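Since the structure comes first, as structure tokens, the remarks are kept for the end.
Chain identifiers are assigned alphabetically (A, B, ...) following the order of the sequence lines, protein sequences preceding nucleic acid strands; residue numbering begins at 1 within each chain. Note that the structure is predicted; figures quoted are calculated from it, not measured.
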Protein chains: 2
Amino acid sequence: MVRLKDVAQAAGVSASTVSRALSNPELISEATRARVLAAADRLGYRHHPAARALVTGRTGLLAFSVPTLANPFFAPIIAGAQEAAEEAGYELIVAVTDSSPERETALFDRLADRVDGFAAAGPRSPASQLARFARSLPLVTLNRRVRGVDSVIIDTPDGVGRLGTHLAGLGHRKIAYLGGPTGSWLDPRRLRRLREAVPDCAILPLGPFPPEFEAGARTVETVLDAGCTAVIAYNSTLLLGLLHRLTMLGLSTPEDLSLACADDLSAAGLAMPDVTALHVPAAEAGRRTVEHVLSLVASESRSAAHQLLPVELLTRASTGRPRELPMSGG
Amino acid sequence: MVRLKDVAQAAGVSASTVSRALSNPELISEATRARVLAAADRLGYRHHPAARALVTGRTGLLAFSVPTLANPFFAPIIAGAQEAAEEAGYELIVAVTDSSPERETALFDRLADRVDGFAAAGPRSPASQLARFARSLPLVTLNRRVRGVDSVIIDTPDGVGRLGTHLAGLGHRKIAYLGGPTGSWLDPRRLRRLREAVPDCAILPLGPFPPEFEAGARTVETVLDAGCTAVIAYNSTLLLGLLHRLTMLGLSTPEDLSLACADDLSAAGLAMPDVTALHVPAAEAGRRTVEHVLSLVASESRSAAHQLLPVELLTRASTGRPRELPMSGG
DNA sequence: TTGAAAGCGCTACCAC
DNA sequence: GTGGTAGCGCTTTCAA
């Protein structure tokens, strides 16, 4: 193993100088810096992370928790997060909580003195717990807002509202909303914004559902029997199941039922060009979350800042005018 | 922060004794051990990972690389891996390579002196590279076998062979195989085993395909035009697209086309009870891979051992007799 | 069975 | 701008 003192010897300077040349170049003359860098390069010197961590108190590690990886929604989030971490010279510890508050808490606990900061996507722990945790370590939540904790929110509630407006504009008056899994912080907010956006539409909230194909497939009859002419699904997997069952029944979209989805299918290789959906900036959200954590790490400030990321409405062929317009009041 | 010496003081012993009581209890008398543990517990003592790593050379960290997280196939693998790591007191750094050999190599490089061992699912790097890397650090590959590198293989080639036998037994004589992504090590092996299993069947290999819905959907016409009566798809996402398009065309399964899939749909919430598929022990594979890495870490031996995990054939309603039996030679 | 002391590789303070 | 030195928290000889 090549140590600092080996480089120092090779470059004819002291270990302190090498350390500075590598970590605080501005404190060093241009000439010696170049000489040191050349020597380090030649010997193949690498920092010893543990030694550095011991003295600086920084590990160079970040934790990122997600409720599950089975929902491919999180794939681009993690990819974006990893990219941002890498650019800053950090590594990412990805931890799956399985949507369990207990597991999440245990995780916080185990990782607290192993990492410099923590990002939590869709955390399920009680707000008080999260706030307490944020006091001990830089923490940023993604898609959940908690008093006293910095957050990044992808504004799907706004998007769902716009989906509602879009559908109402097409003439729909009864819309089903297929809710997400129990514990989702965003889900009730989406529903509320939907109702606010289309006060003259009847909204049929169904669920909670696990974001699974089968669950989507099973709702078709309910939705049709209730006289809904359009559906907004919590996520793409639900929608896919619904669409499949619909097709099996010989029905078609949008003639028999307009279909829209509150997240983007493309992340999972499930891109379907014809489905009206919200395009969610997932990779960007992962990136922002990590960058936000890093800014907390750097500044040691607890700013309680919140970021809201807009979503894009992709209007496509799966939504159209309902077959028979219900009578409109006069 | 509570340090070793704080506990020592509280327990009325030396720091060395505390260290031993915590890490090598067998070297310590029962009485003092109990006293030390009580004190440590009372003060809420936690190891300082960096300090420990500095002296022992062990970080308590493991790396697990995957080509992508967009394919939910990897979700249970990582869940299983994380579970095994946690049980052994390790944390897992999950790294996404995006199926890029360069990124993978860069990753190995960056992480080599940060972790105690490395697990690589479906690595894309050249064999020589992987072998070289295995010489410098405990490495286990999952679903790729490389000379000189320990591995865990989920035996989907065998499973695909059995799928072929199953289809041939139903009377199919022309079977399409929808291949996976470029660079997959398993894909050509599955195809080969399929051919070996049903030498009297014509096999139409299609692909390579990205494991995406659209790609599956686009193959339907090709498959039917070629006169195939059955399809085996590399993965569930492809199959889903194919099934959807088939249904859209008013065709049904298995009457018009028998459908089978080389991986399990359930991981992604895409479980479809009616599809003949291979049940893949993904979580088990993740767990085994990590356990294998840990055994290398512990023993410092390079045993070059290989594990083969069997898959289960789930015969269900999506496969049946072909509509018209082709004439059989006499 | 226990304690004292050295030192892992690095950074940061204090001199010069 | 550079070098010497102390010390981060822990494990691990070596002595007792």
Pick from B/Leu137, B/Val297, B/Leu61: which one makes a side-chain contact (heavy atoms from CB on, under 4.5 Å) with B/Asp116?
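Output: one option passes, namely B/Val297.
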For DNA chain D, find the residues of [range] with a heavy-atom distance under 4.0 Å and give them by number; none if there aren't any.
range: residues 7-32 of chain A; answer: A/Val13, A/Ser14, A/Ser16, A/Thr17, A/Arg20, A/Leu27, A/Ile28, A/Ser29, A/Thr32
range: residues 107-116 of chain B; answer: none
range: residues 37-52 of chain B; answer: B/Tyr45, B/Arg46, B/His47, B/His48, B/Ala51, B/Arg52

For the pair made of [atom1] in [X] and [atom2] in [N], what is the distance, rounded to whole Å?
X: A/Asp6; N: C/dC10; atom1: CG; atom2: P; result: 9 Å
X: A/Lys5; N: D/dG3; atom1: NZ; atom2: P; result: 16 Å
X: A/Leu54; N: C/dC8; atom1: CG; atom2: C1'; result: 9 Å

A/Glu284 atom CD, over 12 foreign heavy atoms within 6.0 Å:
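Yes, CD of A/Glu284 has more than 12 neighbouring heavy atoms, counting only those of other groups under 6.0 Å.
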Closest heavy-atom pair and its distance - B/Leu37, B/Ala21:
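The answer is CD1-O, 4.1 Å.
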By the definition side-chain hydrogen bond (donor to acceptor under 3.5 Å, both in side chains), identify the one residue from B/Gln307, B/His306, B/His292 that meets it with B/Asp150.
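Only one of B/Gln307, B/His306, B/His292 forms a side-chain hydrogen bond (donor to acceptor under 3.5 Å, both in side chains) with B/Asp150, namely B/His292.
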To the nearest 0.5 Å, what is the distance between [atom1] on [X] and [atom2] on [Y]?
X: A/Gln129; Y: A/Glu104; atom1: CD; atom2: CD; result: 8.5 Å
X: A/Asp6; Y: A/Leu43; atom1: CG; atom2: CG; result: 7.0 Å
X: B/Phe108; Y: B/Ser125; atom1: CZ; atom2: OG; result: 5.0 Å
X: A/Ser16; Y: A/Ile28; atom1: OG; atom2: CD1; result: 9.0 Å

Between A/Arg124 and A/Glu102, does any NZ, NE, NH1 or NH2 come within less than 4.0 Å of an OD or OE carboxylate oxygen?
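No, this pair does not count.
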Could you go step by step and tell me if B/Asn143 and B/Trp185 meet the side chain to side chain contact (heavy atoms under 4.5 Å, CB included) rule?
CA-CA 7 Å; B/Asn143 280 355; B/Trp185 184 84; 5.8 Å; no
